[in-house]
Amino acid sequence: MQNNEHRENPDIRAFYEKEMYGVWRDGETVTYELLGRDPKETEVSDKPRNPFEIIGGELVKIHVEKDGRETDFTIHAYLPTAEARAKYPNGSPFIVSLHPLMPTDVLLENGYAVLVFNSFAMASDNTERKGNFYDIYPYGEDGSEQTGVLMAWGWGAAKVLDAVYGGLNRDFCLDADASMVTGVSRCGKSAAVCGAFEKRFRMTIPACSGAGGLALYNYRSTGYTYDLTGVGGPAAYTYGENEPLSCLQSDAERGWFVDRFLSFAEPKDIPYDQEWLPILAMGENRYYFIIAACMSEDWVNAPSMWECYKKANAIYEAHGLGDHIVLSFHREGHAVLAEDAERIVAYFNRVYYGMDTRVSIPELKTSVFAGQEK
């Protein structure tokens, strides 16, 4: 039926796998071992901590096997108190994050758990094709043997979900079906890719994902001026340079994709634009929550992500799922902010649990760019 045509369109999925992100992998045997509290949590040091270093929480070693190959990686599970999660009868909803989240405390206070892993150990952020993912699936010359780094990071999030369904939900009092995946910037791109291919995640939360994520390749905001007073910004903000396709194909970033992605000379050569990532994640029991910053993020191109949202939203609306895709556009900050976390909680509690929250769906379906389209 038409409702499934967009969610499971084989041509779009095949395009993304063959021409852009690479082959999505699954079917592994996944087990885990509880390692206890992170001992680094209580370490005292005079040196400032690296904000990308994952510290604290309950440690879990996840073991993955497939066709005689195996690998191990560790996640950090930050868990709410029994009192905070009491309103969720089946356990805490939880977010799998590809890196530390700034507002983890906000989520914990609201009864949400956060499971974090090191995406750069999962797959090296370069063209070396090293890491946990490539231990199982070595990168080859043939397209059927190629998976880019963004897809590899998303695979890692899916393996965390495998462990949750394999018993971690009972160990940590998690609602296995109330799962979300998120990441910021390049990890936001990966979260969007993961949501399109891993159907079990209930909500996808790509943040500040930009080009290769939810910014349309064929919509540039460079040189255009917008009124950002709606988010506390200036009345006239002119966008500078957006990240071009050539940057994604550079030595610094082409590892995110497969070899055939280099064949696109211009954005117009790409047959399907990025609204298809949220469309592939569409479903009666699935939700999409886009985060972006409106200023000081010219490179990331928030107006283009608004255009991507509009195109995807039209498909969601046509299938009676308009309330299943929303957005949180804050003023500035290349991150998931506390205000975004509060909206995530309020929105998910309303649409998934049916709670009467203060969040307004129409409010989460607009932005300062509405009516200012170029």
Side-chain angles (χ1 to χ4, degrees), residues 1-17 19-21 24 26 93 95-96 150-151 154-155 157-158 161 176-183 188-207 209-210 212-219 270-292 304-329 340 343-344 346-354 359 361-367 370:
M1 57 187 291
Q2 187 182 24
N3 195 33
N4 288 327
E5 179 183 346
H6 291 287
R7 286 204 308 278
E8 303 294 346
N9 190 306
D11 293 336
I12 307 299
R13 183 182 174 106
F15 165 75
Y16 279 135
E17 289 193 279
E19 309 284 346
M20 194 171 294
Y21 301 113
W24 177 255
D26 58 17
I95 297 177
V96 178
L150 297 179
M151 186 78 91
W155 174 88
L161 195 53
D177 292 327
S179 58
M180 289 152 268
V181 60
T182 194
K189 306 178 202 295
S190 178
V193 173
C194 180
F197 284 84
E198 177 48 81
K199 304 299 183 183
R200 295 174 300 171
F201 276 115
R202 196 68 71 188
M203 189 158 80
T204 305
I205 313 171
S209 59
L214 296 191
L216 300 176
Y217 290 114
N218 291 286
Y219 191 98
I270 302 175
Y272 302 107
D273 217 328
Q274 296 302 89
E275 73 270 16
W276 284 99
L277 286 178
I279 291 171
L280 286 174
M282 183 175 68
E284 287 83 358
N285 60 355
R286 301 193 70 199
Y287 304 91
Y288 216 88
F289 194 101
I290 304 168
I291 297 174
S304 184
M305 286 184 276
W306 165 245
E307 294 299 317
C308 178
Y309 159 79
K310 288 198 303 178
K311 287 189 171 187
N313 180 66
I315 302 300
Y316 276 66
E317 294 280 359
H319 292 84
L321 301 173
D323 289 352
H324 288 228
I325 182 169
V326 296
L327 43 82
S328 179
F329 276 19
D340 302 312
R343 291 169 185 161
I344 288 169
Y347 172 70
F348 195 72
N349 282 358
R350 174 178 286 277
V351 296
Y352 183 72
Y353 291 105
V359 68
I361 300 294
E363 178 186 356
L364 289 175
K365 291 182 70 64
T366 188
S367 81

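We number each residue from 1, following the sequence as shown.
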Flag, side chain of [X] to backbone of [Y], donor-acceptor distance under 3.5 Å:
X    : Y    : value
Q274 : G213 : yes
T204 : Y288 : no
S209 : L214 : yes
R202 : F348 : no
D273 : N218 : yes
Y287 : V351 : yes

- Message: Evaluate R350 against I361 for side chain to side chain contact (heavy atoms under 4.5 Å, CB included), listing each step before the verdict.
- Response: CA-CA 9 Å; R350 174 178 286 277; I361 300 294; 4.2 Å; yes
Straight-line distance of [X] [atom1] to [Y] [atom2], nearest 0.5 Å:
X    : Y    : atom1 : atom2 : answer
K310 : I315 : NZ    : CD1   : 14.0 Å
L280 : E275 : CG    : CD    : 10.0 Å
R200 : L161 : CZ    : CG    : 4.5 Å
Y347 : D323 : OH    : CG    : 6.5 Å

Where do [X] and [Y] come nearest, in terms of heavy atoms and distance?
X    : Y    : value
I290 : F329 : CG2-CE1, 4.2 Å
V193 : M151 : CG1-SD, 3.5 Å
A157 : C194 : CB-SG, 4.2 Å
K199 : A196 : NZ-O, 3.1 Å
Y309 : I325 : CE1-O, 3.8 Å
P206 : A191 : CA-CB, 4.3 Å

- Task: Determine, step by step, whether F15 and I270 satisfy the side chain to side chain contact (heavy atoms under 4.5 Å, CB included) criterion, reporting the C-alpha distance in whole Å, the side-chain angles of both residues, the deciding distance to 0.1 Å, and the verdict.
- Result: CA-CA 10 Å; F15 165 75; I270 302 175; 3.8 Å; yes
[Y] and [X], any side-chain heavy atoms less than 4.5 Å apart:
X    : Y    : value
E198 : W155 : no
R343 : L364 : yes
K311 : L216 : yes
Y352 : P93  : no
L327 : W306 : yes

- Output all residues satisfying ring pair (Phe, Tyr, Trp, His ring centres under 6.0 Å) with Y16, sequence neighbours left out; order by chain, then residue number.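 With sequence neighbours excluded, Y16 shows a ring pair (Phe, Tyr, Trp, His ring centres under 6.0 Å) to Y21, given in chain and number order.
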- Task: List the steps and the verdict of side chain to side chain contact (heavy atoms under 4.5 Å, CB included) for M203 and I344.
- Result: CA-CA 10 Å; M203 189 158 80; I344 288 169; 3.8 Å; yes
- Message: Going by the rule salt bridge (charged side-chain N to carboxylate O under 4.0 Å, His left out), which residues pair with E317 if we only count those two or more places apart in sequence or in a different chain?
- Response: K365
- Message: Once you measure the plane-to-plane angle for Y272 and W276, does it fall in the parallel (<30°), tilted (30-60°) or perpendicular (>60°) bin?
- Response: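 If you compare the ring of Y272 with that of W276, the planes turn out perpendicular.
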